[in-house]
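Input: a single structure, listed below in structure tokens.
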Amino acid sequence: MKRVLPVIAALLLLAIPLGVSNQFLLHLGITVLMWTILGLAWNLLGGYAGQVSFGHATFFGIGAYTTMILYLSFRLAPWYGMALGGVLGALFSLPIGLICFRLRGPYFSLATLAVAEIIRLVALNWESLTNGPVGLLITSLPQVTVFGAAINWERKEPFFVIVAVLALCAMLAAYLFTRSRLGSYLTAIREDEDAAEAIGIDTTRSKVTVLALSAFLTGLAGGFYGLYFRYVDPDAVFLISLSVEMVFIAVVGGLRTIAGPVVGAIFLTTIAELFRERFMVGHLIFYGLFMMLVIRFLPEGIWGRALRILTGRR
Amino acid sequence: MALLEVSGLTRDFGGLRAVSGLSFQVGAGEILGLIGPNGAGKTTVFNLITGFLRPTSGDIRLDGLRIAGLKPHAVVRCGIARTFQIVKPFPNLSVCENVALAALVRLGVRAEAEADAERALKQVGLGDKLDIPASDLTLSDQKRMEIARALATHPKLLLLDEPLAGLNPRETEDACQLVQAIRAGGVTVVLVEHVMKAIMRISHRVVVICQGEKIADGPPSEVVADPAVITAYFGKRAR
Ligand SMILES: Nc1ncnc2c1ncn2[C@@H]1O[C@H](COP(=O)(O)OP(=O)(O)O)[C@@H](O)[C@H]1O
Ligand SMILES: [Mg+2]
């Protein structure tokens, strides 16, 4: 039963475009699933390993720009670009990790914030590569035929299927991660870093590895963003608020849960849709308020609490 | 050849020389007491040996192999395990999980690691507290758990930083017996203490340090009578 439920849920998710043709609803679904991947990715590092990053927009932006640039300059199809975006995000995370992991706790968090801001400024000013503040635009996506039918990129259905598959893969990766030795080592690091070293865990290597994994998933989602919106600029993909939204999803949904980010992403998307139109940056204030309420009253997150009630633990 | 050989070990913190040209040896199968007043540099010596601090200068050898400057996790794999003066459990994990993690690093297989952890916990007398969260243990039991966790790395040499501090007389007696049992099991032990009584009874040999320098090294009976030691502990007038 416990094994069958996730499989049924996954199949239902993939079947949604068969039953739902309302493009706005599909767009919401796509947004939620993209945020889910980001929340999952952040959770690996921030939840399981206890290393709170405020700079994940970096990897998102690198993924998005990689996809765009490879397509525009080399005609490399965006799905390969997406994968390479993840790989490049992971590669970038190595030096960032080696620098920032020299610090612990809040100092680490501030270092990630600073690095992300530096990278945003680089993207903004390196015009020959990124086209600066003007951004990059894809006007048409390549022709693809599946089972003899050409995919219509003007519809939302194909994007829904792509992001749903990515999200399911990310969840599976997170699940396998929690059962791996690395997952156990990171639990030890979260609990007490000195004690983790003292029992023989290479803490730096473990943290750098999980950061790379997290950056890969984040870059992948960034690549999807480029593919879906066909437009990126530094303020769309490198902004601090993006990093904070990833924290929101993981914390509100539930740290160290696999399904929590789905719940966090639904709340985030709802708040954004409700308030974005009415206030300029009002949704940011509401994220903040909502996150404070959750931390105060549901410190284990919405899904974390639900799980505890469902499984009847304490 | 000695199991552990420390020579000319020095460590500065800014202008403060916390450990100064310290040399001593630990023979296999010994219980060595490392004593000295508060602030003498005992914990710093442990941190240097276990890689938590890098020496300013000097050499540390285990079985003749140079280990000075290695990272802590690498030192553990060479066969030196430690406990902390202020206990560092994994507070939200169960007692068994705490110790099983150490065994997992060595064995790589979860089921074997758990069996190994249970063995180590039985040895230290915590066999009936496997599933309790570590943070719910008394200080005395947390110290035992930390010893079990260190033993689960299968060390040749075990460094215990003030294992008796904060224990009542009954617990102190039990802890002394545990240390002797560990040595009987083939693990060499270095004990740090700043209180002398218990350590004098169970140590085969004692090294006394004061302000980072060694002032005495010998069997407990000789060391307690050493004028330099008496001065260090009780001031000049005690003589
Ligand atoms: N990380 C550190 N930074 C600066 N000074 C330190 C540090 N660790 C220890 N010291 C200083 O080194 C001296 C020896 O400390 P310590 O080794 O903890 O002594 P002991 O364990 O013998 O009580 C003390 O004066 C202490 O203040
Ligand atoms: Mg000390």
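A quick note: this is a predicted structure, and the numbers were derived from the prediction, not measured. Below, each value reflects all heavy atoms present in this structure, side chains not excepted, and no hydrogens, waters or symmetry copies.
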Working note: His73(B) + Ile201(A), criterion side-chain contact (heavy atoms from CB on, under 4.5 Å); need CA distance, chi angles, decisive distance, verdict.
CA-CA 5 Å; His73(B) 64 86; Ile201(A) 295 171; 5.6 Å; no
Looking only at heavy atoms, the pair that brings Val105(B) and Arg181(A) closest together is O-NH2, 4.0 Å
Around atom CZ of Arg205(A), are there more than 12 heavy atoms from other residues, nucleotides or ligands closer than 6.0 Å?
no
The interface call for Pro155(B) against chain A, heavy-atom contacts under 4.5 Å, is neither
One option among Gly108(B), Ala152(B), Ala103(B), Ala74(B) has the most heavy-atom pairs under 4.5 Å with chain A, and it is Gly108(B)
More than 12 heavy atoms of other groups within 6.0 Å of Phe92(A) CZ:
no
Testing the basics here: between Arg110(B) and Ser180(A), what is the closest heavy-atom pair and its distance to 0.1 Å?
NH2-O, 3.2 Å
Does any heavy atom of chain A fall under 4.5 Å from the side chain of Thr50(B), the backbone, both, or neither of them?
neither
Between Arg106(B) and chain A, with a heavy-atom cut-off of 4.5 Å, which part of the residue counts as in contact: side chain, backbone, both or neither?
neither
Exercise: identify the closest heavy-atom pair between Glu191(A) and Asn92(B)
OE1-N, 2.6 Å
Give a yes or no on this: more than 12 heavy atoms of other residues, nucleotides or ligands lie within 6.0 Å of atom CG of Leu11(A).
yes
Using side-chain heavy atoms (C-beta onward) and a distance below 4.5 Å, is Ile199(A) in contact with Val76(B)?
no
For the NZ atom on Lys156(B), are there more than 12 heavy atoms of other groups (residues, nucleotides or ligands in this structure) within a distance under 6.0 Å?
yes
For each of Thr204(A), Thr203(A), Asp194(A), tally heavy-atom pairs with chain B at distances under 4.5 Å, and name the one with the top tally.
Asp194(A)
Residue part contacting chain B, namely of Arg179(A), when any heavy atom lies under 4.5 Å
backbone
In terms of heavy-atom proximity below 4.5 Å to chain A, should Ile80(B) be classed as side chain, backbone, both, or neither?
neither
For the side chain of Arg77(B) and the backbone of Gly200(A), is there at least one donor-acceptor N/O pair under 3.5 Å apart?
yes
Minimum heavy-atom separation for Ala188(A) and Phe90(B), please, with both atom names.
O-CE2, 3.5 Å
Between CG on residue Leu104(B) and OH on residue Tyr185(A), distance to nearest 0.5 Å
5.0 Å
Which pair of heavy atoms, one from Arg82(B) and one from Ala198(A), lies closest together, and at what distance?
CG-CB, 4.3 Å
